[in-house]
Amino acid sequence: MQKLQQLYEGKAKKVYATEDPNVVIVSYKDDATAFNGQKKGTITGKGAINNRMTNNLMRRLEAAGVPTHYIQELNDRETAVKKVSIIPLEVIVRNISAGSFAKRYGVAEGIVFDEPTFEFSYKNDDLGDPLINTSHALALKLATREEIDLIHTYTMQVNDLLKGFLKEIGIDLVDFKLEFGKTAGGQIVLADEISPDTCRLWDEKTHEKLDKDRFRRDMGGAEEAYEEVMRRLMGEL
Ligand code: UDP
């Protein structure tokens, strides 16, 4: 598979065209950003880890019946995926209180919920990705009701599956963000990435943070945390 012209550069990935109009190549960078791009840095080795971890999880989700954009891992940093138009909704699920939930509602981090929460942010950097509800998303024509229902169904399946995969390796899935896209044929598929950049992952025993909060909160040890998740998930680096 040949990389042609660059189509897009985001905060953590670049996207390239290929000879096939329905296939693009994503290339993961080591760049890290937080707080809507206000904080910038590098987590060495992150690109390769996020690429391989995302692909490992997407393959397992696909096998369990969740349609994804994944096609083929090309090398450490690059993967061929179906070309989709991204639905501009960040889909966030929480199993345990943390981050903006704890801040917004004035509660401690670490409260285990009886049921997962489900929310959307409007994916719009200029507006700072504001919280949005389904009726607002419909009013703005960001997706149809059928698409939103499907996204909800897939997302809850992903939560159950991911929680299980991670529990096997001693990690609690605190919260995470998903993005969905629409293929040329109109199919809704899971897109973007599933990595310590987009999930909060806590060691089940020590509650040590194994995710991007180490970078966001200047805790140090981000590289080691990403490597630790990778080692537990894939048994190697
Ligand atoms: N998240 C993300 N990208 C974003 C915002 C959030 O991947 O632009 C992830 C984040 O890593 C966490 C979950 O979504 O796992 C919930 O994030 P939260 O709303 O608590 O926001 P944050 O505290 O990250 O600003």
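As the structure is a computational prediction, the values presented were derived from the model and not from experiment. Order of listing sets the numbers, starting from 1, for every ligand and every atom in it. Both backbone and side-chain heavy atoms feed into the values below; hydrogens, waters and symmetry mates do not.
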Open item on the list: Using a 4.0 Å cut-off to any heavy atom of R216, which atoms of ligand 1 qualify?
Closed with: 10 (C), 11 (O), 24 (O)
Open item on the list: Are any of the N/O atoms on E119, whether in the backbone or the side chain, positioned under 3.5 angstrom from an N/O atom of ligand 1?
Closed with: no
Open item on the list: Tell me whether R216 forms a cation-pi arrangement with F35, defined as NZ or CZ under 6.0 Å from the six-membered ring centre and within 45 degrees of its axis.
Closed with: no
- [ ] Could you list the residues that satisfy side chain to side chain contact (heavy atoms under 4.5 Å, CB included) with F118, not counting sequence neighbours?
- [x] V91, V93, F120, H152, T155, M156
Open item on the list: Once side chain to side chain contact (heavy atoms under 4.5 Å, CB included) is applied, do any residues pair with A184, and if so which ones, sequence neighbours excluded?
Closed with: N22
Open item on the list: At less than 4.0 angstrom from any non-hydrogen atom of D175, what atoms of ligand 1 do you find?
Closed with: 12 (C), 13 (C), 15 (O), 16 (C)
Open item on the list: Looking at ligand 1, is there an atom of it that comes within less than 4.0 Å of some heavy atom belonging to D197?
Closed with: yes
Open item on the list: Regarding atom 17 (O) of ligand 1: of the candidates R200, K11, R104, which has the closest heavy atom?
Closed with: R200
TODO: With side chain to side chain donor-acceptor pair (under 3.5 Å) as the test, would you mind laying out the steps for N95 and N159 before giving the verdict?
DONE: CA-CA 9 Å; N95 297 302; N159 185 43; 2.9 Å; yes
- [ ] Quickly, which of T153, L138, I87 forms a side-chain contact (heavy atoms from CB on, under 4.5 Å) with I148? Name it, please.
- [x] L138
Open item on the list: I need the atoms of ligand 1 closer than 4.0 Å to a non-hydrogen atom of E90, numbered in the order shown.
Closed with: 4 (C), 5 (C), 8 (O)
- [ ] For E19 and M1, work out which heavy atoms get closest and say how close.
- [x] OE2-C, 4.4 Å
- [ ] Report, in ascending order of atom number, the atoms of ligand 1 lying under 4.0 Å from any heavy atom of G99.
- [x] 20 (O), 23 (O)
Task: Element-labelled atoms of ligand 1 that are located less than 4.0 Å from some non-hydrogen atom of F176 - done: 14 (O), 15 (O)
TODO: Taking only Lys NZ, Arg NE, NH1 and NH2, and the carboxylate oxygens of Asp or Glu, determine whether E147 and R145 approach each other closer than 4.0 Å.
DONE: no
Open item on the list: Looking at every non-hydrogen atom in both residues, tell me the closest pair between I194 and L178 and how far apart they are.
Closed with: CG1-CD2, 4.3 Å
Task: Subset of ligand 1 atoms that lie under 4.0 Å from at least one heavy atom of S100 - done: 18 (P), 19 (O), 20 (O), 21 (O), 23 (O)
Open item on the list: Out of all atoms in ligand 1, which are within 4.0 Å of some heavy atom of C199? Include the element for each.
Closed with: 15 (O)
Open item on the list: With the threshold set strictly below 4.0 angstrom, can you tell me whether any protein non-hydrogen atom sits that near atom 19 (O) of ligand 1?
Closed with: yes
Open item on the list: Minimum distance, heavy atoms only, to atom 14 (O) of ligand 1: which one of K103, K177, K123 is it?
Closed with: K177
